[in-house]
Visitor: 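Quick one: this structure, given as structure tokens, is what I'll be asking you about.
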There are 2 protein chains.
Amino acid sequence: MGVMERVSTRKKAVADSGVRLPLDRILMDDCVAAMASLPDKSIDMIFADPPYNLQLGGDLLRPDGSQVDAVDDDWDKFDSFAAYDKFTKAWLKEARRILKDNGTIWVIGSYHNIFRVGAAIQDEGYWILNDIVWRKSNPMPNFKGTRFTNAHETLIWASKSEKARYTFNYRAMKTLNDELQMRSDWLFPICGGQERLKRGGVKVHPTQKPEALLYRIMLACTKPGDVVLDPFFGTGTTGAVARRLKRHWIGIEREANYIEAAQERIEAALPLDESAVVTMQSPKAQPKVPFGALIETGMLKPGALLMDSKRRWRATVRADGSLEAEGATGSIHKLGATLQGAPSCNGWTFWHFEDADGLKPIDALRQNYILATEP
Amino acid sequence: MGVMERVSTRKKAVADSGVRLPLDRILMDDCVAAMASLPDKSIDMIFADPPYNLQLGGDLLRPDGSQVDAVDDDWDKFDSFAAYDKFTKAWLKEARRILKDNGTIWVIGSYHNIFRVGAAIQDEGYWILNDIVWRKSNPMPNFKGTRFTNAHETLIWASKSEKARYTFNYRAMKTLNDELQMRSDWLFPICGGQERLKRGGVKVHPTQKPEALLYRIMLACTKPGDVVLDPFFGTGTTGAVARRLKRHWIGIEREANYIEAAQERIEAALPLDESAVVTMQSPKAQPKVPFGALIETGMLKPGALLMDSKRRWRATVRADGSLEAEGATGSIHKLGATLQGAPSCNGWTFWHFEDADGLKPIDALRQNYILATEP
DNA sequence: CAGCCTTCTGAATCAACGT
DNA sequence: TACGTTGATTCAGAAGGCT
């Protein structure tokens, strides 16, 4: 893994043409050019940490190659915003091409750039799912006392289109947050201490992201074996976390010294044991049990009486797995909905049976059935 | 105060031409037209809560079958992003004209619109000073379990230009925040209870903002006697808070029933003693640490072994913060209870990890985490 | 009256699958 | 692709009723 290579071909790859993805490698190139070498619809998730600031860094050049000067008048301001927008649009467009139809993209930024990025994401046809706030527990103070302490950064999570069926590991997130739904505001310290890559006491990269951030993102929105692309790889936080969580990764980075640091770091990041990577699954992932199976196996007898938790309605179980109540019949779901006058109803949790201990939902029988039949 | 009036003249007022500002009044008109009647450079601060352009789909039902009362008002409907951008640009342009050179503007929004608004703010020549996150202590959950709970809204604070000498009451903010610099993430409950305006038990406005939010904004960025304009006045939160804090206000609103409610409300809002203001602030959030946070930040690794104090049970930590032992899985609390056959269990004190000094409860890690992340 | 329980609600881009 | 079926899914706080 991790062989550094220069992307020589600019030729656009054909969709699913059998082009092998450069898995678990860093591509040393401009991000748009490197993405252009990847096939259509081949990436499960993209995490992007694009340059934030219009004035700093040599990232933004005018079309003629000259450096954008310090911004102090309206004309220059417009000029640099336009250049930034053009750059943003270019990489977002290419990113959308290589993303699978059900893939998602994450972008992180600050108020200097995130509004332009967010608008471009919408303009390119992505569908925003959430904006997430990374609250920094230890932000840099505002030394001059002229503004509020800038204590957060913003992430945007978007799917490729409105109707996409993206991955969201709801149960894993809820478990991670002590059985409460994971919210859109996340608290993490900034990257420091042992985690912060340094060379000769000097930090290698000015904006190294904490692994905790990527950990939560990948746990939430990818599955083991998925391919995660980071077009602004830097020192490879995305790669290190991906390896630990047994996801594949592809990094794109121009600067050799960042690449070198990333290589070392990722090689040192040991994958977790198989059992540790397992996360809580939603019931959806469990085998589906038809209600009739409970009758066939004798867990419920035809003629048995079911009722809702408050004993407002009673229904009789019939041999074919349908219920009958007040002259109406139907499946456990449909009859429950009909009786309540509701558009829908989960019959598994609505209907109860009575035993010595009192009322229990028939969902308990389903769990027993699963346990008994699980290979 | 508070005489409702229709703005009859569309004639653009001349800068500082002696035109009297309609102080402490609601102008019943379209926001751009009403602003056009105000003189150049006459307003100290603008607070704007424009339509969010939510683009909601069909009905949304809670797990209990009840229906969510969604924002479906005509004023929130736009044909396209382009139409929304045009609207945004128009009111931002007019707002900038009437703002004093050292005035500032606040705009609130959600991910549906805030990126477009922020980009437009930059394009119009404003200079962004901060983006502020309003963290909701009691947001609406994500009922279908499809995304992260949308638990915040975003505000943008901007001056008219980069060199402007705007008002920022640094000391007041620091005092308000227990002698720590006020950060960019603010915690407030959503507007409810007595504060929420209702008529016949029905909320008057679907998106009434909490007064606490406006308190902090006006305390931070205006002086007594300043003129605060709200071009999307709604039920007048801005007016009510301005009156309490002895600032002048101007509201712009098209809908008569909102105006009527706002009038009554503002008349009932008595100016406060200076000393009373501080007590209106919400208490600091109690640090609550989900077990998963220890894993994300690397204090505990997936695969790590935990045991009770007498080493009777052993469990393995998984990536999402669940534990696994003897074929059973669950949260630290739930698994502890299951293994002991107890109705409940405090996992923080039950489970231990081993280091060179012997067994220590994982609660020790929680204390370390709090020390490391306390803002 | 305190304490407990039930009900209601809030700026929400809120399902998946088989026929 | 349209439609019907299955069945998954909620947190904090206010308000009101009951013991």
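In what follows, chains are A, B, ... by sequence order, proteins preceding strands, each numbered from 1.
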Visitor: Answer with yes or no whether A/Lys288 presents, from its side chain, a donor or acceptor under 3.5 Å of a partner atom in the base of C/dA16.
Guide: no
Visitor: When both hydrogen-bonding distances must be under 3.5 Å and the geometry is Watson-Crick or G-U wobble, what is D/dT5 paired with, if anything?
Guide: C/dA16
Visitor: State, to 0.1 Å, how close B/Pro141 and B/Thr149 come at their nearest heavy-atom pair, and which atoms those are.
Guide: CA-CG2, 4.1 Å
Visitor: For D/dT10, which nucleotide is its Watson-Crick or G-U wobble mate, given both distances must be under 3.5 Å?
Guide: none
Visitor: Do we count A/Trp127 as stacking onto C/dT13 if the rule is ring centres under 5.5 Å and planes under 30°?
Guide: yes
Visitor: Go through D/dC11, C/dT9, C/dA11 for me and flag the one nearest to the B/Arg196 side chain.
Guide: C/dA11
Visitor: Could you tell me whether the phosphate oxygens of D/dT10, OP1 or OP2, come under 4.0 Å of any side-chain nitrogen or oxygen in B/Asn142?
Guide: no
Visitor: Which nucleotide wins on minimum distance to the side chain of B/Lys136, given the candidates C/dC14, C/dA11, C/dG10?
Guide: C/dA11
Visitor: With the side chain of B/Pro63 defined as its heavy atoms from C-beta on, choose the nearest nucleotide among D/dG7, D/dT10, D/dC11.
Guide: D/dT10
Visitor: Classify A/Lys163 by what it touches in the nucleic acid, base, sugar-phosphate, or nothing, heavy-atom distance under 4.0 Å.
Guide: nothing
Visitor: From the list D/dA8, D/dT10, C/dT13, which nucleotide is the closest neighbour of the side chain of A/Gln181?
Guide: D/dT10
Visitor: Write down the atom of B/Gly118, the atom of B/Ile156, and the distance for their closest heavy-atom approach.
Guide: CA-CD1, 3.5 Å
Visitor: State whether B/Asp69 and B/Lys203 are salt-bridged, where the test is any N-O pair (Lys NZ or Arg NE/NH1/NH2 against Asp/Glu carboxylate O) under 4.0 Å.
Guide: yes
Visitor: For B/Ser137 and for A/Asn346, find the nucleotide of DNA chain D with the closest heavy atom, then tell me which residue's nucleotide is more 5'.
Guide: A/Asn346
Visitor: Tell me which nucleotide among C/dA12, D/dC11, D/dA8 gets nearest to the side chain of A/Arg366.
Guide: D/dA8
Visitor: D/dA15 C1' sits how many Å from B/Lys198 NZ, rounded?
Guide: 9 Å
Visitor: Select from B/Arg62 and B/Gly145 the residue whose nearest nucleotide in DNA chain C is closer to the 5' end of that strand.
Guide: B/Arg62
Visitor: So which nucleotide from C/dA11, D/dA12, D/dA8 ends up closest to the side chain of A/Ser344?
Guide: D/dA8
Visitor: Hey, which of these two, B/Thr146 or B/Asp69, hits DNA chain C nearer its 5' end, going by closest nucleotide?
Guide: B/Asp69
Visitor: Counting side-chain heavy atoms from CB outward, which of D/dG7, C/dT9, D/dT10 is closest to A/Tyr170?
Guide: D/dT10
Visitor: Tell me the partner of C/dA11, counting only Watson-Crick (N1-N3 plus N6-O4 or O6-N4) or G-U wobble (N1-O2 and O6-N3) with both under 3.5 Å; none if nothing fits.
Guide: none
Visitor: Say you pick atom C1' in C/dC1 and the same atom in D/dC18; how far apart are they, in whole Å?
Guide: 13 Å
Visitor: Can you figure out which of D/dA15, C/dA11, C/dA12 approaches the side chain of B/Val68 most closely?
Guide: C/dA12
Visitor: Would you name the heavy atoms of A/Cys345 and A/His333 that are closest together and state the gap between them?
Guide: O-CB, 3.4 Å
Visitor: Does NZ or CZ of B/Arg254 come closer than 6.0 Å to the centre of the six-membered ring of B/Trp75, within 45° of the ring's axis?
Guide: no
Visitor: Looking only at the side chain of B/Gln55 (C-beta and beyond, no hydrogens), which of the listed nucleotides C/dT13, C/dA11, D/dT6 gets closest?
Guide: C/dT13
Visitor: Is B/Arg244 paired with B/Glu211 through a side-chain N to carboxylate O contact shorter than 4.0 Å?
Guide: yes
Visitor: Counting distance alone, no hydrogens or angles: does the base of D/dT9 have a donor or acceptor under 3.5 Å from a partner atom on the side chain of A/Arg171?
Guide: no
Visitor: Can you tell me if the side-chain N/O atoms of B/Ser66 get under 4.0 Å from OP1 or OP2 in C/dC8?
Guide: no
